[in-house]
Amino acid sequence: MVYDFKSIESKWQSYWSENKTFKVAMDNTMPKYYVLDMFPYPSGSGLHVGHPLGYIASDIISRFKRNKGFNVLHPMGFDSFGLPAEQYAIKTGKHPRLTTEINIKRFKKQLNKLGLSYDWDREIKTSDSSYYKWTQWIFLKLYNSFFDITDNKAKDISELKIPKGLNEDEKIQFIDSKRLAYLDNIDVNWCEELGTVLSNEEVIGGLSERGGYPVVRKPMRQWVMRITAYSERLLDDLKILDWPESIKLSQKNWIGKSEGAKIRFVIDKNSFIDVFTTRPDTIFGATYLVLAPENKLSIKLTTKENKNLVEDYIAKSSQKSDLERQENIKDKTGVFTGSYAFNPMSKEKIPIWIADYVLSGYGTGAVMAVPGHDERDYEFAKKFNLKILSVVQGGNKGDCYTGNGIITNSGKFNGLDNQKFKKIVCDILEETEAGEKTINYKLRDWIFTRQRYWGEPIPIMFDGKIKIPMTDRELPLELPDVDSFKPASDGSSPLARNNSWKNVLLDGKKYERETNTMPQWAGSCWYFLRFLDPRNSESFAEKNKIDYWMPVDVYIGGAEHAVLHLLYARFWHKVLYDLGYVSGPEPFKKLVNQGMILGNSAFIHRIKNSNTYVSYDLIEKYDVQKINIDIDLLNNNNELNLEKLKNSDIKYKNANYKFNEKFIVSREVEKMSKSKFNIVSPDRICEKYGADTLRMYEMFLGPLEQSKPWNTDGITGVHNFLKKFWNLYHDEIGFNVSDSKPNENSLKILHKTIKKVNSDIENFSFNTCVSAFMICVNELSSLNEKSSEVLRQLCLLISPFAPHICEEIWSKFGESDSISNQDFPTHDELYLIEDKFEYPISFNGKLRFKMIFKLDCEFNDIEKEISENEKVNTYLKGKKIKKIIFVKNKIINIVF
RNA sequence: GCUCGGGUGGUGGAAUUGGUAGACACGUUGGACUUAAAAUCCAAUGAACAGUAAUGUUCGUGCGGGUUCAAGUCCCGCCCCGAGUACCA
């Protein structure tokens, strides 16, 4: 009987969806397990074989845990607000809502073909107003909260203690300055050419992702989230998370905590400059100060003679793009202000400079330059002939030394260890009120507004400068239609042009809505909470459901979200925790990153400035350029099907081709993308081999976390395995198993496999599981095992990986219940014991023979036997045995 | 530059705390079945050398050292590839 995967798969997919097999509800009598995928952005090009990798892995875990007796929550939804749909709308005029709907339908269809066990009743879309109502609600919670530094947590704004003696305006200003969501003028990435503001992700190396135009910084009014208040907690709580070390490290680096000191350099009676340094021990080597061009003191401190130069420099550096700033790392620029300050320790009078290598956003926007022990300061000092003083011994003379050592040139402190001196400097500075120990973070507050249409509207109105938050009852603030999706040339959102929406008349008073929208991150910051109670209209999720399901037990997704999404989601979760809405401080207990599946692009080679294409084996003779072609145009690995190519495009039809016998293309591993024509669609694999084969093959390809190129060649191995597996249960006529006693060897191999699979699934080592299945099935077929006792267990064992075929077989055993409701097999140690074993022994590669030992024969017994009865074992091939190395009941080596 | 991952056959990849390196699969070669092909099944397959053969020997986990009875695994010093980050004082 043939393995007809097509009918089997469609049969069980409709069975699961009709019977809602994977629908879950809260059940306090069962332990819970929450398996979450990073929900996708429904892009227009559909799924490629790289997408399902994580979904298949999470599905295996879900099915496994279900069989293990857990109440498994495994939901799916769509991150449906986002830029590509908006860009498509700008191009075509089609409403993003419509294109998004179409894309979601396609995604869902493709996902369902893979046999993923989602509870689709919990599906959510971030662009549904019933969803973003609560995104807006959370925004308002942030707006109405402040961070209490003494209690180290967020509190409702009504609990904020307002200093006495403030007038009404000052009070409002004070409160606004403490909110977790606040308005500020912030430098944004402004692209003159495109006439729009870009997010950081849209800027690559100082150029716009689209078009490659220069991007400059420009201050604009923005909503900002005070994530910096949580720096320490975001850093601290990493310790309790079961996440890959590399991800924790990137978060740690992103937060960028550094301990040091704030030091005050006095200029005169009325003015001073504060700097931040991590090396207070080098204070005697601070021979000049540098301010960032954006620092407000820069202009104030400039003397008349230098005014023109300084203003010129500041103007120039504000126009510089990020790219230009980055280019000049070695070649530092700067100007002298004409002013001087006093080094608080050496009392020396030192010059104050302005240079764009100092960043305004970090520390105080000013540094004490120690050219002897900081490479940037060293470069700068060398260029402008400033004094270089060595105060820590080490390195070569005249060089810049950044290591530790003994203090010199520092008056009475010479000879101290620099680490000890650090503390002493801080103490002295604190005593003389010239500075203090401080901690600085690289993390900046999160710019939360986008000048875009396709995002959540911000539920705030303005009465002039006064902000009026909408009330909970007024939510959601629906996204209105607009005449055009283009952003305005001044960078404001398309919503700003919709006057009837923007202007609100309430009780005869005029208000204006905020016209910017939220970034794409907003919806994904809390979606895992909505899955718990997706249709609730009273709250974002019922508290007892949150208590039961949270935290997420396993979160699977790509490493590209290592920092931003995971950091933002943790931040929102902590705020909700502080305000009492969720029960734990961290949302994701365990994180697993699946690697990317790469495409194998194909290239043909064209002779430059000609219409002639050359086979890859002949290119040495010509000056050629390579051109991406569709991998569908290949006959096999690297041979081009010329006919297909010619028919694919008119420009190929009329071209000339040079080749011997075959036209060869070159191959290269790249990211899978539509523009590279290297997409392999899961639909076609499912069509040809079935979803079970695809699922197993994706797992078999290699370790889950590792990136690997897609190669369809190997898939027949997995497909053959499934056929063999099928044939264990079937003969030519049909289902055929017996009630006879199983073969002893079958039980051994079965239980060995059960043991391995149980531990490998827990460790997310799915590729080794598949290998174990193959070995097991191979052995059972060669033993011709027909016993249902063994075959039932085998079927259960494989079902998380290949659910369709296993459901089909399971039903043939006469079972009416789905295989997903059965218990996962557990191994019996009894079958794993081997009573005797035979091992070859080698010594220096020269001696090779076999010895047989009984199981109870252990290292001590052999040693005993040697000492007690010299005649028996002390000599082997004429050599006297000194020692037998015996590991885990195995003779490993014999020492003579 | 810095940080983090990796380098194992023709290929993807296995290898508990150091314990017979190359599991499993692809590919290749040979064979069976077939008029033929596909499909399927069986066998061989790290390299080199010797042998009619069974087999044996030597070399083999990026390179060079070290520890150990024993190193893909541990230590020291390099080389290469990938990812992230970018003047963070």
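For the numbers below, each heavy atom of this structure counts, side chains included, while hydrogens, waters and symmetry mates do not. Quick note on labels: first sequence line is chain A, next is B, and so on, each numbered from 1. As the structure is a prediction and not an experimental result, all values here were calculated from the model.
No engagement by A:Glu375 is indicated, since no non-hydrogen atom pair under 4.0 Å with the nucleic acid exists. Using a 4.0 Å heavy-atom cutoff across all strands shown, A:Pro709 reaches no nucleic acid atom at all.
Scanning all heavy atoms of the two residues, the minimum distance from A:Leu598 to A:Ser707 falls at CD1-CB, 4.5 Å. Taking both residues in full, the closest heavy atoms of A:Ile805 and A:Leu722 are given as CD1-O, 3.8 Å, listed atom of the first, atom of the second, then distance.
B:rU73 and B:rU8 have their P atoms separated by 13 Å, given to the nearest Å. To the nearest whole angstrom, the two C1' atoms, one in B:rU28 and one in B:rG19, are 33 Å apart. Rounded to the nearest Å, the gap between the C1' atom of B:rA23 and that of B:rU11 is 16 Å. The gap from the P atom of B:rG66 to that of B:rC81 amounts to 28 Å, rounded to the nearest Å. B:rG13 sits 23 Å from B:rA21 when the P atoms are compared, rounded to a whole Å. Separation of the C1' atoms belonging to B:rU67 and B:rC74 is 8 Å when rounded to the nearest angstrom. Atom C1' of B:rU20 sits at a distance of 31 Å from the matching atom of B:rC79, rounded to the whole Å. Nucleotides B:rG12 and B:rG22 place their C1' atoms 13 Å apart, quoted to the nearest Å.
At B:rA89, none of the side-chain N or O atoms of A:Tyr357 fall inside 4.0 Å of OP1 or OP2 (strictly under the cut-off).
Nucleotide B:rG22 carries an anti base; the chi torsion (O4'-C1'-N9-C4 or O4'-C1'-N1-C2) is more than 90° from 0.
Within the shown strands, B:rG62 is the pairing partner of B:rC78 under the Watson-Crick or G-U definition, both distances less than 3.5 Å. The nucleotide B:rA43 finds its pairing partner in B:rU29, both defining distances of the Watson-Crick or G-U wobble pair being shorter than 3.5 Å. For B:rG1, the paired base is B:rU85 (Watson-Crick or G-U wobble, both distances below 3.5 Å). The pairing partner recorded for B:rA21 is none, the criterion being a Watson-Crick or G-U wobble arrangement whose two distances lie under 3.5 angstrom. When both distances must be under 3.5 Å, the Watson-Crick or G-U wobble mate of B:rU16 does not exist. B:rA70 makes up no base pair with any nucleotide shown, lacking Watson-Crick or G-U wobble contacts both under 3.5 Å. In a base pair of the Watson-Crick type (N1 to N3 plus N6-O4 or O6-N4) or a G-U wobble (N1-O2 and O6-N3), with each distance short of 3.5 Å, B:rC49 is matched with B:rG56.
Nucleotide B:rC87 holds its P atom 20 Å from the CZ atom of A:Arg279, rounded to whole Å. Counting to the nearest Å, the C1' atom of B:rA86 and the CG atom of A:Asp356 are 15 Å from each other. Put simply, NZ on A:Lys442 is 11 Å from C1' on B:rG84, counting in whole angstrom units. Across the protein-nucleic acid pair, A:Lys332 atom NZ and B:rA89 atom C1' stand 12 Å apart, rounded to whole Å. Remark: C1' of B:rA89 and CG of A:Asn440 are 9 Å apart, rounded to the nearest angstrom. Whole-Å rounding puts the A:Leu249 CG to B:rG84 P distance at 15 Å. Atom P of nucleotide B:rA89 and atom NZ of A:Lys422 are separated by 11 Å, given to the nearest angstrom.
Ring-plane geometry between A:His730 and A:Trp726 is classed as parallel, the angle between the planes falling under 30 degrees on a 0 to 90 degree scale with a further cut at 60.
When each of A:Leu443 and A:Lys756 is assigned the nucleotide of RNA chain B with its nearest heavy atom, A:Lys756 is the one assigned upstream, toward the 5' end. If you find the closest nucleotide of RNA chain B to A:Ser250 and to A:Ser258, the one lying nearer the 5' end belongs to A:Ser250.
For the residue pair A:Tyr362 / A:Ser258, a side-chain donor-acceptor distance below 3.5 Å is found, with atom types taken as modelled. Looking only at atom types and distance, the side chain of A:Thr402 has no donor-acceptor partner in the side chain of A:His373 under 3.5 Å away.
Between B:rA39, B:rC4, B:rA89, one nucleotide has an atom nearer to the side chain of A:Lys723 than all others, and that is B:rA39. Here the nucleotide nearest the side chain of A:Thr277, chosen from B:rA89, B:rC4, B:rG13, is B:rA89. Taking the side chain of A:Asn253 as heavy atoms from C-beta on, and the options B:rU3, B:rA89, B:rC4, the nearest nucleotide is B:rU3.
In this structure, A:Lys332 forms a cation-pi arrangement with A:Tyr357, its terminal cationic atom sitting closer than 6.0 Å to the ring centre and no more than 45° off the ring axis.
Residues A:Leu566 and A:Trp243 are in side-chain contact: their nearest non-hydrogen atoms beyond the backbone lie under 4.5 Å apart. Using a 4.5 Å heavy-atom threshold, the side chains of A:Glu259 and A:Thr278 count as separate.
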I'd like a table of atom pairs between the protein and nucleotides 21-32 of chain B - only N or O on both sides, under 3.5 Å - with the distance next to each one.
residue	atom	partner	partner atom	Å
B:rA25	OP1	A:Asn778	ND2	3.1

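Once rounded to the nearest 0.5 Å, the distance linking CG of A:Asp692 with NE2 of A:His719 reads 10.5 Å.
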